[in-house]
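Before any comments, here is the structure.
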Protein chains: 2
Amino acid sequence: MNEQEKFMREALKEAEKARKIEEVPIGAVIVQNGKIIARAHNTKNKKSNALFHAEILALNKCAKKIGSWRLLDCDLYVTLEPCPMCAGACINARVRSIIFGAYDAKAGCCGTLYNLPNDQRFNHRPQVIGGVLEKECAEILSSFFQELRKRDKQ
Amino acid sequence: MNEQEKFMREALKEAEKARKIEEVPIGAVIVQNGKIIARAHNTKNKKSNALFHAEILALNKCAKKIGSWRLLDCDLYVTLEPCPMCAGACINARVRSIIFGAYDAKAGCCGTLYNLPNDQRFNHRPQVIGGVLEKECAEILSSFFQELRKRDKQ
């Protein structure tokens, strides 16, 4: 198992925590010098806050931990391709790279609908690597929504 | 003075609070049913957190206050055109409208570099109105940066 898959498995563990509390299962971890320094999962419904995506929560924890708004040597791992808010947050925080699992046809802004981190007009361009453990990252989401639809029919 | 200018003056008061603590002077207020329910100013440097844009802080307060992630009847007023992170946050939070003052040639995503809130592929489209009290909103920023450059030369 390579480094990227190793850390994506940790992001998947976070996604699993979200699933257990009936949140859309998306998880993130931030890695600095080979160590996880922040981890978070989506809590949008539980906390009634549209900002509480896994990435935002992890970036927030990370900034508090390292005491700087510049996360230049940090890599963000997330199970789903970031939306505009989260891709923008990574640009603002000067994250070194964004590594994601599943592609998001509905809101993905790291290659799918837009490629915001690759826009040279912004003052920082995180490197983007998509599709790491794509199958597992997509599967946890699709099974969550299948389950939801089954319950709705009952 | 119309409604839009009235609330933009309140956002400018927030920007002024940022200026006083030597932050880039950007302020925001959120209005629901004709009343301001959240106000915030940029504290990125003071709090060492790249997420702490005026809009994000105001949206966060607003969600806590109304206890819902859906801010469907809320209008966000901000002195500078939102960046990708903040424009994306408004889409995610289903803000009704984004009213901004100055245009941002470097990172504006509500008409300048992108028009994210007008993209029908996202599941919500906030209305966008730009240029409200544009001169005042641009002026507080340009005088802040002029002052900064003067000090740097000393």
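Just so it is clear, the structure is predicted and the values come from calculations on it, not from any experiment. By convention in this document, chain letters (A, B, ...) are assigned in the order of the sequence lines, proteins followed by strands, and residues within each chain are numbered from 1.
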*Please assess B/Ser97 against B/Asp75 for the test side-chain hydrogen bond (donor to acceptor under 3.5 Å, both in side chains), listing each intermediate value before the final yes or no.*
CA-CA 5 Å; B/Ser97 47; B/Asp75 302 316; 2.5 Å; yes
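Ring geometry for B/Tyr114 against A/Tyr114 counts as perpendicular: the plane angle is over 60°, on a 0 to 90° scale with 30° as the lower cut.
For a residue to count as touching a neighbouring chain, one of its non-hydrogen atoms must lie under 4.5 Å from one of that chain's; by this rule B/Cys86 does not touch chain A. For B/Ile56, the parts lying under 4.5 angstrom from a heavy atom of chain A are both the backbone and the side chain. When heavy atoms are compared at a cutoff of 4.5 Å, B/Leu51 approaches chain A solely by way of its side chain, counted from C-beta outward. Neither the backbone nor the side chain of A/Ile66 comes within contact range of chain B, judged by heavy atoms closer than 4.5 Å.
Annotation: maximal heavy-atom pairing with chain A below 4.5 Å, among B/Arg94, B/Met85, B/Lys106, occurs at B/Met85. Note: A/Asn60 leads A/Leu71, A/Leu59, A/Asn60 in heavy-atom pairs under 4.5 Å with chain B. Contact count versus chain A (heavy atoms, under 4.5 Å) is highest, among B/Ala93, B/Cys62, B/Ser68, for B/Ser68. Heavy-atom pairs under 4.5 Å with chain A peak, among B/Asn92, B/Ile91, B/Asn123, at B/Asn92.
Remark: side-chain polar atoms of B/Glu81 are paired, donor with acceptor, to backbone N or O of B/Gly111 under 3.5 angstrom.
Enclosure of atom NZ in A/Lys17 by more than 12 non-hydrogen atoms of other residues, nucleotides or ligands within 6.0 angstrom is indicated.
Applying salt bridge (Lys or Arg N to Asp or Glu O under 4.0 Å) to B/Arg19 and the options B/Glu23, B/Glu16, B/Glu22 leaves one that passes, B/Glu16.
In this structure, CG on B/Leu133 lies 10.5 Å from OH on B/Tyr77, to the nearest 0.5 angstrom.
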